[in-house]
Amino acid sequence: MLAAGSQTPQRVTLYRHLHISEQPIVMVPIILAGETNAPLAVMVGSDPGRPEVIVTRQPRERAERLRFAERLAGHLLFPIASMAATTQRVDTRRSELSVRATQAPQVWVPNPAGIDYVRLLGRMTRFRSSEGPWAVAPSVRQLGIWLTWLAEQAEFADSCVLVPATRALSAVWATGQSDVEDGNLAALMAWLAPPPGMAVIDAARRAEDPAVCPPAGPATDPTFDRLFLQPTLHDLASAATEPARRQILNRLTGMLVEQMRPTWDLVWQSIDLLRAESPAARVARRWERQRDRFTAFHHYVTNGGYPQAKRDNAVRAAQRLAEMEQRLASFDAERAYDDPLVLADYRLAGEAFAGEVVASDPDRRVPGAQRSVTRPLVTVTTTDPVRLDKRQQVHDPSRNGQRALITKLDETSDGWMIELELQDKMGRGRKPEPGSVPAVGDNVVYTTLADTFVRRGRAWPTRENIPWTHGGPPPEPVPVPEDAVEDWS
């Protein structure tokens, strides 16, 4: 509402919570309209001024699609292998790997539809065989495996290896248009970086004109398909000589470059816009975890790992769902810990509160299992709406997620008075370390968000122990005695 009223984008976060790679790979795809996955062309590369353009002669033919995938593999697999080749030693006490790649691939697409394109192209190519009558180049199969991995990683909230530009921009700024309109990269960038001397509304209206800013892929403009693309593909298919086909292909390539180049420039412009923003404190730590996943999967692929299954079994699906939930909860907590604007959402919802310390007992000790332990009491007054319960656990973002237990909740005339018992992160001595316990007059914030993974307590069942209702082996038939069968005749 503020953005629409002032015609100025409003910040959603104070910091950027997405890692921006030093060498991002931008991919702007186009597919043939009316087909499930008929790759028509793609503009790909790491140099904004020198993109590589790959065009399919006949996207409806399977052989042409596979040749398209082979050419695309030449531009994606080499940087992936180069990044995995440079590694560094890591502390094995904090990581399951002894080495970690210094870089990981980061592929940018214009919008979330680009993720679907990558997923479908990976499914089309990862099961291809390099032997037999329908053999393809080994790079096609490898491309499918890596594209599937990129698409799977994009499903996790904290991942940054396959990034849609519209989603990355909307995570930092809010515009005065709807979410559907924000899905158009040209219209979104018209709000964030309008042309000099042009009003935001005029720039957004201009960006929605397909003649000025073609759709940001993979879909194309229906008018362009009807008037230009379809006749050119028909001429290419009916050309009698190779020089004629080459001439028509050059004309087709030029037409498609005109469609993709504006989006290509907008993606790079959005990367520069985001790179200028200050990263949040925990962005580097999430990038290290992403590089660990990339390193582990690269080892799996180079050691002869099989392509991803067409569909997950019950155990794998449950594991993946649990991991998605854990990483989403951790990502939400990290964003709230790093960013006051993100934390404000939880304060408005009553899941966090900010206030002033009015009483503090840092030397309080209570009996423990073997000896007394330090459990300071802190009393906080707040005017935030509090929807928490007594004995509920909260965390202090400014003290690395220090745990506290709510021991008393009293509503006052202008807010709440909350008494908290601190639980950890105060040092190992009998007295708390300086600064680990809030003092009277300090401003503090507490939230229910925990910056830790919630680990599953018990092991997942094996394939043999999966119930038959979830895809496991069917139960053994139990013989029934003849005298136990009732005659219903």
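With hydrogens and angles ignored, the 3.5 Å screen pairs no side-chain donor or acceptor of R11 with any backbone N or O of W173. Under a 3.5 Å cut-off, the side chain of E181 and the backbone N or O of S178 do form a donor-acceptor pair. With hydrogens and angles disregarded, a donor-acceptor distance shorter than 3.5 Å links the side chain of Y300 to the backbone of Y306. With S21 contributing its side chain and Q106 its backbone, the two residues share no donor-acceptor pair below 3.5 Å. Here the side chain of N303 pairs a donor or acceptor atom with the backbone of H299 at under 3.5 angstrom. Listed for the D384 side chain is no donor-acceptor partner under 3.5 Å among the backbone atoms of R347. A side-chain donor-acceptor contact under 3.5 Å links D338 to the backbone of R282. The backbone N or O of R261 lies less than 3.5 Å from no partner atom in the side chain of T263, so there is not a single donor-acceptor pair. Between the side chain of R128 and the backbone N or O of R141, no donor-acceptor pair lies under 3.5 Å. Here the side chain of R100 pairs no donor or acceptor atom with the backbone of Q88 at under 3.5 angstrom.
The ring pair (Phe, Tyr, Trp, His ring centres under 6.0 Å) search around H298 returns none, not counting sequence neighbours. With sequence neighbours excluded, the residues that form a ring pair (Phe, Tyr, Trp, His ring centres under 6.0 Å) with W146 are W149, F294, F297.
No more than 12 heavy-atom neighbours from other residues, nucleotides or ligands sit within 6.0 angstrom of CD on E131. Environment of CD in Q247: sparse, with no more than 12 heavy atoms of neighbouring residues, nucleotides or ligands closer than 6.0 Å. Within 6.0 Å of atom CZ in R403, more than 12 heavy atoms from other residues, nucleotides or ligands are found, so the atom counts as buried in its surroundings. Within a 6.0 Å radius of CZ in F78, other residues, nucleotides and ligands contribute 12 heavy atoms or fewer. Atom CD of Q23 sits in a sparse spot, with 12 or fewer heavy atoms from other residues, nucleotides or ligands closer than 6.0 Å. The environment of F228 atom CZ is sparse: at most 12 non-hydrogen atoms of other residues, nucleotides or ligands sit within 6.0 angstrom. In Y15, the OH atom is not crowded: 12 or fewer heavy atoms of neighbouring residues, nucleotides or ligands sit closer than 6.0 Å. Around CZ of R206, the count of heavy atoms belonging to other residues, nucleotides or ligands within 6.0 Å does not exceed 12.
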Applying side chain to side chain donor-acceptor pair (under 3.5 Å) to D182 and Q177, what does each step give before you reach the verdict? CA-CA 7 Å; D182 282 342; Q177 56 190 8; 2.8 Å; yes
Can you check salt bridge (Lys or Arg N to Asp or Glu O under 4.0 Å) on R320 and E325, steps first, answer last? CA-CA 9 Å; R320 183 171 178 81; E325 292 175 346; over 6 Å; no
Take R205 and D202 through the test salt bridge (Lys or Arg N to Asp or Glu O under 4.0 Å) and record every step on the way to the result. CA-CA 5 Å; R205 186 179 295 111; D202 296 335; 3.2 Å; yes
Could you go through V12 and L341, starting from their C-alpha distance and side-chain angles, then the distance that decides it, and tell me whether this counts as side-chain contact (heavy atoms from CB on, under 4.5 Å)? CA-CA 7 Å; V12 179; L341 275 184; over 6 Å; no
Apply side-chain contact (heavy atoms from CB on, under 4.5 Å) to Q308 and E152, showing your working. CA-CA 10 Å; Q308 299 88 338; E152 288 180 347; 3.8 Å; yes
Using the rule given for side-chain contact (heavy atoms from CB on, under 4.5 Å), can you reason through S159 versus Q290, listing the C-alpha separation, both sets of side-chain angles and the distance that settles it, and then say yes or no? CA-CA 7 Å; S159 177; Q290 188 67 73; 3.2 Å; yes
May I have the step-by-step check of side-chain contact (heavy atoms from CB on, under 4.5 Å) for D225 and Q230, ending in yes or no? CA-CA 6 Å; D225 293 345; Q230 192 61 34; 5.9 Å; no
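Closest approach of T125 and A69 over heavy atoms only: CG2-CB, 3.8 Å. Across every non-hydrogen atom of M83 and P105, the tightest pair is SD-N, 3.3 Å. Across all non-hydrogen atoms, the minimal contact from L274 to R16 is O-NE, 2.8 Å.
With rounding to the nearest 0.5 angstrom, the CZ atom of R246 is 12.0 Å from the CG atom of L236.
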Give the table of side-chain donor-acceptor pairs shorter than 3.5 Å for residues 38-53, with sequence neighbours excluded, one pair per line with atom names and distance.
unit_1 : atom_1 : unit_2 : atom_2 : d
S46    : OG     : P24    : O      : 3.4
D47    : OD1    : G49    : N      : 3.1

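A salt bridge links R251 with D235: at least one charged nitrogen is closer than 4.0 Å to a carboxylate oxygen. With respect to E22 and R275, no salt bridge is recorded, no charged nitrogen being found less than 4.0 Å from a carboxylate O. A salt bridge links E64 to R67: one of the charged nitrogens lies within less than 4.0 Å of a carboxylate oxygen. With salt bridges taken as basic N to acidic carboxylate O contacts below 4.0 Å, one links E242 and R57. Salt-bridge formation is not detected for the pair R286/D158: no Lys NZ or Arg NE/NH1/NH2 atom is positioned less than 4.0 Å from an Asp or Glu carboxylate oxygen. Using a cutoff of 4.0 Å between basic side-chain nitrogens and carboxylate oxygens, R285 and E334 are scored as salt-bridged. At a threshold of 4.0 Å, the pair R327-E323 counts as salt-bridged, since one of the basic side-chain nitrogens sits closer than that to a carboxylate oxygen.
Counting only N and O atoms by type, the side chains of T448 and Q393 include no donor and acceptor under 3.5 Å apart. No side-chain donor-acceptor contact under 3.5 Å links T166 and N111. With 3.5 Å as the limit, one finds a donor-acceptor pair spanning the side chains of T148 and R126.
By the 4.5 Å heavy-atom criterion applied to side chains, W287 and C160 are counted as neighbours. Using a 4.5 Å cut-off on side-chain heavy atoms (C-beta onward), I145 and F127 make no contact. The closest side-chain heavy-atom distance from L273 to V172 is not below 4.5 Å.
T232 pairs in a side-chain contact (heavy atoms from CB on, under 4.5 Å) with only one of the listed residues (L227, L252, L249), which is L252.
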